[in-house]
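Quick notes on the structure that follows.
None of these values were measured; they are calculated from a predicted model. Reminder, nothing fancy here: chain letters follow the sequence lines and each chain counts from 1.
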There are 2 protein chains.
Amino acid sequence: MTLDRKDLAILAELTTNARASHTELANKVGLSSTALARRQKALEDDGYIQAYQAALDLTLFGLTTTVLVRIALESQSDDALKAFEAEVVKCPSVVRCFLMSGTDDYILIVLARDIQDFERIHRTELSRLPRVARVQSSFALRDIVNRAVPTVVFGETKR
Amino acid sequence: MTLDRKDLAILAELTTNARASHTELANKVGLSSTALARRQKALEDDGYIQAYQAALDLTLFGLTTTVLVRIALESQSDDALKAFEAEVVKCPSVVRCFLMSGTDDYILIVLARDIQDFERIHRTELSRLPRVARVQSSFALRDIVNRAVPTVVFGETKR
DNA sequence: TTTCCCTGGGCACACCGACGCGCATCTTTC
DNA sequence: GAAAGATGCGCGTCGGTGTGCCCAGGGAAA
């Protein structure tokens, strides 16, 4: 399936106002409500729209500190990876985890209330992960860019 | 304002089904639709819910490659930082950018179609950033955890 | 060129459900 | 004990949503 620029406009708008009604979206995109409803349903059915989700302000929960954690395992054997990954998904403070190429094996993004709270997370969550050889933490001083979708997606001008 | 576990249940559900109706949410949380409507509006007004947004399947756009980029600037002077940050927000392929403590100055998360595409991004977007001394890229081989909200948020049992 | 088909768009309508309000009840707190 | 906050029920209204139908445009085949 190929998307034209109206489809992209619909997606762009829905990434901002997921609860917009058909008529509301139709006006912004320049379609009738029924044509828009068809396109939106097609975008959902084809999987372009995975879900509609509420974005929370995590600072109101006290989560103001972002930490990037580099973790190297004792070995790169298959069950070492499996064991580590099975446990890391349970860590409540971890929001991202990548298996990386290069020297560092995993990179995690952890959200904490502050530095003291990260010490607790380090003690109760990270240090209990299996097969870990080395843990290296870097604190994010500021958030410059935070996008769910790269803007390049909406710029593709097909059709 | 303090949130009880029903508020957290509402937020947890809305982070999954942002378009759920009042009655639908009320059944899941265990409230009447009017009590739920009041709470949801309060959560919106107090800023706990920042927005309702559609989550797109970026793989359907060909964006299957995640790259972590570490960028060191020539200097940490204020206008070097300002100049860099003003440009990096314009990069269409960058989804995250942190100013970091420690040796590396910035860490970016870049989405690309593949390695060749990242080469293009490196050439057309990253290498044009001002005041850059060093660029170091690591490819993510796999996505282990990808959450918008840490699960710790919904576990706090106040009230 | 003409005709047919097919895809996508727009209009109108009807139905169903959501939403918001008012009020009574209950709990909690001072 | 009283007041304030929160809950639940019921109602009416409003709006969204889905369907059917017709139309326009483009492509293909005769």
**OP:** Send over the distance from A:Glu44 CD to D:dT17 C1', rounded to a whole Å.
**Re:** 13 Å

**OP:** Indicate, with a heavy-atom threshold strictly under 4.0 Å, whether B:Thr23 touches base, sugar-phosphate, or nothing.
**Re:** sugar-phosphate

**OP:** Could you tell me the separation between the CG atom of B:Leu31 and the P atom of D:dT7, rounded to a whole number of Å?
**Re:** 6 Å

Original post:
Between A:Arg19 and A:Ala35, which is nearer to the 5' end of DNA chain C once each is assigned its nearest nucleotide?
Top reply: A:Ala35

**OP:** Round to the nearest Å and state the distance from B:Glu24 atom CD to C:dA18 atom P.
**Re:** 8 Å

Original post:
Rounded to whole angstrom units, what separation is found between the CD atom of B:Gln40 and the P atom of C:dG20?
Top reply: 9 Å

**OP:** Just call it for B:Ala37: base, sugar-phosphate, or nothing, with non-hydrogen atoms closer than 4.0 Å on any strand.
**Re:** nothing

Original post:
So, is A:Ser21 close to the D:dG16 phosphate, meaning a side-chain N or O under 4.0 Å from OP1 or OP2?
Top reply: yes

Subject >> Whole angstrom value for the distance that separates C1' of C:dC11 from CG of A:Asn27 >> reply: 15 Å

Subject >> Base of C:dG8 paired with side chain of A:Arg39 (donor-acceptor, under 3.5 Å) >> reply: no

Original post:
Which comes earlier along DNA chain D counting from the 5' end, the contact point of A:Arg38 or that of B:Leu36, where each point is its nearest nucleotide?
Top reply: B:Leu36

Subject >> Touch class at under 4.0 angstrom, heavy-atom based, for B:Thr34 against every strand present >> reply: base

Original post:
Just to confirm, is there a sub-4.0 Å distance from OP1 or OP2 of C:dA18 to any side-chain nitrogen or oxygen of B:His22?
Top reply: no

Original post:
Looking just at side-chain N and O atoms, do B:Gln136 and B:Arg134 make a donor-acceptor pair shorter than 3.5 Å?
Top reply: yes

Original post:
Looking just at side-chain N and O atoms, do A:Glu125 and A:Ser93 make a donor-acceptor pair shorter than 3.5 Å?
Top reply: yes

Original post:
Rounded to whole angstrom units, what separation is found between the NZ atom of A:Lys41 and the C1' atom of C:dG8?
Top reply: 16 Å

Subject >> Distance (rounded to the nearest 0.5 Å) between A:Gln53 CD and B:Asn17 CG >> reply: 10.0 Å

Original post:
Can a cation-pi geometry be assigned to A:Arg131 and A:Phe84, taking NZ or CZ under 6.0 Å from the six-membered ring centre and within 45° of the ring axis?
Top reply: no

Original post:
Is it true that A:Lys82 and A:Asp79 make a salt bridge, defined as a side-chain N closer than 4.0 Å to a carboxylate O?
Top reply: no

Subject >> Between P of D:dT7 and CG of B:Asp4, the distance in whole Å >> reply: 8 Å

Subject >> Distance, rounded to the nearest Å, where A:Lys6 contributes NZ and C:dG9 contributes P >> reply: 7 Å

